[in-house]
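Notes to accompany the following structure.
Labels below follow one simple rule: chain letters A, B, ... track the order of the sequence lines, proteins then strands, and each chain is numbered from 1.
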Amino acid sequence: MGELLKVDKIKTEFQTDKGPVTSVDEVSFDLKEGETICLVGESGCGKSVTSLSIMHLLDRNGSVTEGSIRFEDKDLAHASEAEMRKIRGNDISMIFQEPMTSLNPVLTIGDQLTEGIRLHMNYSRAEARSYAIEMLKKVGIPRAEGIIDEYPHKLSGGMRQRVMIAMALSCKPKLLIADEPTTALDVTIQAQILKLMKKLRDESNTAIILITHDLGVVAEMADKVAVMYAGQVVEETDVYTLFDNPKHPYTLGLMKSIPHITNPDDMRLNSIPGSVPSARNMPKGCRFYDRCPHAMKRCLAEKPELKPIEDKQAHSIRCFLYEEEEKDYEKKHAEKQHAEKEVSS
Amino acid sequence: MNMPLDQEKPLLQVKHLKKYYPIKKGVISRTVGYVKAVDDVSFDIYPGETMGIVGESGCGKSTTGRSLVRLEDPTAGQVLFQGKDLATVSQKEMRKLRTDLQIIFQDPYSSLNPRKRIGDLLAEPLLAHKLATKAEAEKKVNEIMEIVGLPKQYKNRYPHQFSGGQRQRIGIARALMLRPKLIICDEPVSALDVSIQAQVLNLLKDLQKSLNLTYVFIAHGLGAVKYISDRITVMYLGKVMELATTREIFEHPKHPYTEILLNAYPIPNPHERNRTQMVIEGDVPSPANPPKGCVFHTRCPFAKDICREKAPGLTGKDHLVACHFPIDEGKA
Ligand SMILES: Nc1ncnc2c1ncn2[C@@H]1O[C@H](COP(=O)(O)OP(=O)(O)OP(=O)(O)O)[C@@H](O)[C@H]1O
Ligand SMILES: Nc1ncnc2c1ncn2[C@@H]1O[C@H](COP(=O)(O)OP(=O)(O)OP(=O)(O)O)[C@@H](O)[C@H]1O
Ligand code: SF4
Ligand code: SF4
Ligand SMILES: [Mg+2]
Ligand SMILES: [Mg+2]
């Protein structure tokens, strides 16, 4: 698997009437062909802004001010609008939480589907139409030949999301960004859509950035996971390591606070005290400081960096605890060697 | 867990409750049909228990909840609180009953008047019902704020100055002011961040114990419902599909829809991702035009001819199920 995307320490800022606000700060992750990464975290932690930064779809008052976004051999952070237009919908496509807002209500499903196909794939009108019908069938739309001439409001939420997926995948993108594609749907429909996404991914080897706040969805879909908190990635590793051996105090708290149907009856939920800091009141040191049960003195003043730790798998954490541990480990190791030397001499 | 004892009297009885909303068309607003939001729902709720109501969007959970506190007039059927029919009690008695029945909504923000300080918002129901003097109300406000874990000095703040979790605490505090017996919680944590949901769920559970409250807990998320409920009602298209203790629902579901619903939830454990999952196709039909016979037959993998013709009744003693072919242990 070749490396497809490398997001390196990007910072995204918005200019507001109350001054600049940093929404995403030092976000890094990478993705190989065919791989799925989940960005997970609470509301406002910067998941959508991260993906919109990659796509150059930020509101006009927002921009990526630091870092790089390497996609194949291009740096998207510095790509021109003309270059981006070629990439969007072709190499990278995106689906959103509420399909109704991203489908045009006055155009038929077919008009909207074939536009991209004709633009990026050089098909004739007739070819594009039969290809569009084929795509609709592929995503499980019944009566695709009829539905193609309907308007979006005639379809249910689950159907619209299928149309969005058909549209996003029609030009065989290398990367699909799905921003909470099932959050607005009922669970039985969510199960259908996740199953469909898995099937299409396996067939086409498309890499996926899947944004969600549901750890259940993460466990079903991800190869790797980046946990975000207050605009930063605080932990990144493969999905099995994340669930079997979570390390960051925020990740640990999150895992224990979810009521799950497999929990024993009388288990009390662990709750994380307090709430997420706002962009304007960001703590100076570690952003989780106020809520962290392990906070130390240095966490108040110093900013922890996202650093790889010793683990069986690649595993990075933004927390001083593990640096301390490492230092402790090194110190103890040195002491031990020293002691051993003394004994042997 | 509070198991209803046979001799114990229910606090609330719901009997054949129906709520149909007319669908109007044209300039003269002719009624062309009805949305059958709640269609013949019955259950009893016992003192101190939590009845969970689950089901997919539009199945009638909120309409049921609102009918229980008479924010809706039922189209048919009865709601009895401590044996009294809410539809026929006198105005005066209803005013008294209103203090016993409270509701907490999903969106803590829209349910609070943005121009009022929290202290006033909380005192309001007491003063409106003339249940306390200003000084007494103030004392009570302090008390309740302490109970729900809000610092007293926040009394002078406005709703927008609170976080989502804090606002939901305010919503809970407001419901508690009149010392109700029954609280309908309509998706009280759905709008909150995961790390905050646990705070509110724990608070609700603690309050139930210390204040001897009875809850109806409405939610999408099965995890939260399981955490807090003693019994669970599963609804589909305005009807009750299954009603049993939480343990029975999770360990021995009898209705195909319950089984499928439980199965559809993603499990937060990647080692389970290759389990065989029962995924049903199709969408929930419109409640304006529900299928004949069993309302679930259009999506049910076990549907037979009779299901398309005859609606199954809700049967059973403690574990109620509405299905011609309930799942039995041996078969499943
Ligand atoms: N156009 C904008 N101007 C100013 N701030 C913005 C703008 N767009 C987003 N933000 C801020 O950036 C931060 C991150 O927002 P983002 O939408 O990425 O969160 P999210 O993780 O996707 O949350 P959710 O789970 O609620 O979708 C938020 O604090 C948000 O208010
Ligand atoms: N005031 C109303 N007028 C007309 N139809 C209504 C009204 N209120 C609810 N309905 C309809 O009644 C049905 C049941 O709605 P209800 O809000 O009770 O569902 P719900 O189970 O609470 O759904 P959700 O999980 O989305 O909150 C829906 O089809 C809804 O559109
Ligand atoms: S750096 Fe300190 S405050 Fe931050 S998560 Fe680690 S221990 Fe907690
Ligand atoms: S009555 Fe028939 S269609 Fe309805 S749930 Fe039972 S088996 Fe399925
Ligand atoms: Mg978002
Ligand atoms: Mg509702």
OH of B/Tyr257 to OG1 of A/Thr188, rounded to nearest 0.5 Å, is 6.0 Å
Euclidean distance, B/Asp206 CG relative to A/Arg268 CZ, rounded to 0.5 Å
4.5 Å
Taking atom types as modelled and ignoring hydrogens, do the side chains of A/His213 and B/Asp193 form a donor-acceptor contact shorter than 3.5 angstrom?
no
Measure B/Leu201 against the heavy atoms of chain A and call it side chain, backbone, both or neither at under 4.5 Å.
side chain
Contact class of A/Asp244 relative to chain B, heavy atoms under 4.5 angstrom:
side chain
Please name the pair of heavy atoms, one in A/Gly274 and one in B/Ile196, separated by the smallest distance, quoted to 0.1 Å.
O-CD1, 3.3 Å
How about A/Leu269 and B/Gln197: do any of their side-chain heavy atoms sit closer than 4.5 Å?
no
Is it true that atom NZ of B/Lys152 has more than 12 heavy atoms of other residues, nucleotides or ligands lying nearer than 6.0 Å?
no
Region of A/Lys256 that comes under 4.5 Å of a non-hydrogen atom in chain B
neither
Contacting region of A/Glu220 [heavy-atom separation from chain B under 4.5 Å]:
both
Per-residue tally against chain B (heavy atom, under 4.5 Å) across A/Asn270, A/Ile272, A/Val276 peaks at A/Ile272
In this structure, OG of A/Ser156 is separated from CG of B/Asp283 (nearest 0.5 Å) by 3.5 Å
Count the heavy-atom pairs under 4.5 Å between each of A/Gln190, A/Lys198, A/Met159, A/Glu42 and chain B, then report the option with the highest count.
A/Glu42
May I ask you to name which of B/Gln199, B/Gln277, B/Gln166 has the most heavy-atom pairs under 4.5 Å with chain A?
B/Gln199
A/Met221 portion near chain B, given a 4.5 angstrom heavy-atom threshold
backbone
If I measure from the heavy atoms of chain A, does B/Val279 come under 4.5 Å with its side chain, its backbone, both, or neither?
side chain
Most heavy-atom pairs under 4.5 Å with chain A, out of B/Arg299, B/His271, B/His220, B/Glu56, belong to B/Glu56
Heavy-atom proximity to chain A below 4.5 Å, by part of B/Glu281
both
Heavy-atom proximity to chain A below 4.5 Å, by part of B/Ile228:
neither
Correct closest heavy-atom pair for A/Val239 and B/Arg273 would be CG1-NH2, 3.6 Å
Do other residues, nucleotides or ligands put more than 12 heavy atoms under 6.0 Å from B/Glu146 CD?
no
Note: vs chain A, highest number of non-hydrogen pairs under 4.5 angstrom among B/Ser57, B/Gly58, B/Pro266, B/Gly223 is B/Pro266
Under a 4.5 Å heavy-atom cut-off, does chain B meet the side chain of A/Val218, its backbone, both or neither?
backbone
In terms of heavy-atom contacts, A/Ile189 and B/Gly282 come closest through CD1-O, 3.6 Å
Using a cut-off of under 4.5 Å on heavy-atom pairs, state which of A/Pro142, A/Gly253, A/Pro273, A/Ala222 scores highest against chain B.
A/Ala222
